[in-house]
Amino acid sequence: MQKTIYIIGGTMGAGKTTVCQILKKKLPDCVFLDGDWCWDMDPFQVTEETKTMVLENVVFLLNRFIRCSAFKNIVFCWVLHEQGIIDGILTKLETENCRVRSFSLLCGEKELARRLRKDVDSGIRAEDVIARSLARIPLYEKLNTVKIDVSRLTPEQAAAEIIRLSG
């Protein structure tokens with residue numbers, strides 16, 4: 001049985017997690033991993049050791065999902081703003097019997113700032129996320145992924161577009 005791995009990247013606030021939760025429900029026999037779950041620590045520490053650990057955990061979990069006969073579809077999202085991160089993960093995955101589909105969710109600056117401001121005002125995110133996220137927008141154009149502009153799409157529409165483009 002061939003499986004499909006959906007790799008969904010995008011800057012903070014683009015809607016990755018919401019879109020992937022919808023994909024999980026729409027795709028048969030689906031499992032979802034958000035890379036942020038592997039960073040859920042307090043205090044949040046970005047060191048060489050924690051970066052290595054997080055990447056190893058992501059690869060471990062994805063390979064376990066690939067090996068598990070219960071799943072036909074594996075959805076993974078993370079910021080994924082550098083091709084080296086995507087390639088580093090893919091080279092360690094057991095993808096022999098898998099189709100891999102890579103997407104980047106893009107969002108215009110005004111819409112992205114609006115979405116993030118709403119999260120900041122709600123206490124979900126810190127103020128500095130807006131500048132950090134806006135600064136990453138140009139990085140996604142350089143990636144070897146299918147780009148989807150979600151500025152005017154609902155999460156349901158974005159999920160449907162991912163499914164359509166994955167054919």
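Heavy-atom basis, side chains included; hydrogens, waters and symmetry copies ignored. This is a predicted model, so every value here is computed, not measured.
When atom types are taken as modelled, the side chain of Q157 and the backbone of T154 share a donor-acceptor pair closer than 3.5 angstrom. Side chain of S104 to main chain of T145: no donor-acceptor pair is present (N/O by atom type, distance under 3.5 Å, no hydrogens or angles). The closest donor-acceptor contact from the side chain of R136 to the backbone of M12 lies at 3.5 Å or more, if one exists at all. Judged by distance alone, the side chain of T47 and the main-chain N or O of T50 form a donor-acceptor pair under 3.5 Å. Side chain of N73 to main chain of P28: a donor-acceptor pair is present (N/O by atom type, distance under 3.5 Å, no hydrogens or angles). Listed for the S102 side chain is no donor-acceptor partner under 3.5 Å among the backbone atoms of I7. Judged by distance alone, with hydrogens and angles left aside, the side-chain atoms of Y140 form no donor-acceptor pair with the main-chain N or O of L105 at under 3.5 Å.
Proximity of T17 to C77: side-chain heavy atoms (C-beta onward) are separated by under 4.5 Å at one or more points. Within the 4.5 Å cutoff, the side chain of L165 has heavy atoms near those of the I148 side chain. For the pair V54/W78, a side-chain contact is recorded, criterion being any heavy-atom separation below 4.5 Å from C-beta on. Residues K3 and D29 have side chains not in contact (no heavy-atom distance under 4.5 Å, counting atoms from C-beta outward). Counting heavy atoms from C-beta outward, V46 and K51 have side chains that approach closer than 4.5 Å. Between K16 and F76, the closest side-chain pair of non-hydrogen atoms is not below 4.5 Å. You'll find the side chain of V150 reaches within 4.5 Å of the side chain of R115, heavy atoms only. Under the 4.5 Å side-chain criterion, counting only non-hydrogen atoms from C-beta, Q83 is not in contact with K142.
Note that the CG atom of L80 and the CD1 atom of I85 stand 6.5 Å from one another [nearest 0.5 Å]. We find the CG-OG1 distance between L134 and T11 to be 7.5 Å, quoted to the nearest 0.5 Å. Atom CD1 of I163 and atom CG of L27 lie 4.5 Å apart (nearest 0.5 Å). Taking CD1 from I66 and CG from N97, the interatomic distance works out to 10.0 Å, rounded to the nearest 0.5 Å.
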Side chain to side chain contact (heavy atoms under 4.5 Å, CB included) between L106 and E141: does it pass, once the steps are laid out? CA-CA 9 Å; L106 308 180; E141 291 300 330; 3.4 Å; yes
Do L93 and V100 pass the side chain to side chain contact (heavy atoms under 4.5 Å, CB included) test, and can you show the C-alpha distance, the side-chain angles, and the key distance before you say yes or no? CA-CA 10 Å; L93 293 183; V100 177; over 6 Å; no
Could you give me the CA-CA distance, side-chain angles and deciding distance for R117 and E127, then say whether salt bridge (charged side-chain N to carboxylate O under 4.0 Å, His left out) is met? CA-CA 8 Å; R117 171 55 55 201; E127 180 75 34; 2.6 Å; yes
Would you sort out whether C30 and L23 count as a side chain to side chain contact (heavy atoms under 4.5 Å, CB included), showing the intermediate values? CA-CA 8 Å; C30 189; L23 284 171; 5.7 Å; no
Under the side chain to side chain contact (heavy atoms under 4.5 Å, CB included) criterion, do S166 and F103 qualify, and how do the steps go? CA-CA 10 Å; S166 295; F103 297 90; 3.4 Å; yes
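With sequence neighbours excluded, no residue forms a salt bridge (charged side-chain N to carboxylate O under 4.0 Å, His left out) with D40. Every salt bridge (charged side-chain N to carboxylate O under 4.0 Å, His left out) that R125 has, sequence neighbours left out, goes to D119. Judged as a ring-ring contact (aromatic ring centres under 6.0 Å, His included), and not counting sequence neighbours, the contacts of F71 are F65. For R152, there are no salt bridge (charged side-chain N to carboxylate O under 4.0 Å, His left out) partners two or more places apart in sequence or in a different chain.
At a threshold of 4.5 Å between side-chain heavy atoms, the hydrophobic network of Ile, Leu, Val, Met, Phe, Trp and Tyr places V79 and V120 in one connected group. L139 and L112 fall into different hydrophobic clusters, where Ile, Leu, Val, Met, Phe, Trp and Tyr residues are linked whenever their side-chain heavy atoms come under 4.5 Å apart, directly or through other members. Under the 4.5 Å side-chain heavy-atom criterion for ILVMFWY residues, no single connected hydrophobic cluster contains both I130 and I124. Cluster annotation: I162 and L143 are assigned to the same hydrophobic cluster (Ile/Leu/Val/Met/Phe/Trp/Tyr, side-chain heavy-atom contacts under 4.5 Å, transitive). Clustering ILVMFWY residues whenever any of their side-chain heavy atoms sit less than 4.5 angstrom apart, transitively, puts V31 in the very cluster that holds L90.
When all heavy atoms are compared, the tightest approach of V58 to C38 is CG2-SG, 3.9 Å. Counting all heavy atoms, side chain and backbone alike, S151 lies closest to D149 at OG-OD1, 2.7 Å. When all heavy atoms of I8 and C20 are compared, the pair lying nearest together is CG1-SG, 3.6 Å. Minimum heavy-atom separation, A158 to V19: CB-CG2, 3.8 Å.
The environment of CD in Q2 is crowded: more than 12 heavy-atom neighbours from other residues, nucleotides or ligands sit within 6.0 Å. Within 6.0 Å of the CG atom in D121, the count of heavy atoms belonging to other residues, nucleotides or ligands exceeds 12. Residue K147 qualifies as enclosed at atom NZ: its count of foreign heavy atoms under 6.0 Å is above 12.
The stretch residues 54-67 participates, sequence neighbours left out, in these side chain to side chain donor-acceptor pair (under 3.5 Å) pairs: R67-E94. A ring-ring contact (aromatic ring centres under 6.0 Å, His included) check over residues 7-36, counting only residues at least two apart or in different chains, returns the pairs F32-W37.
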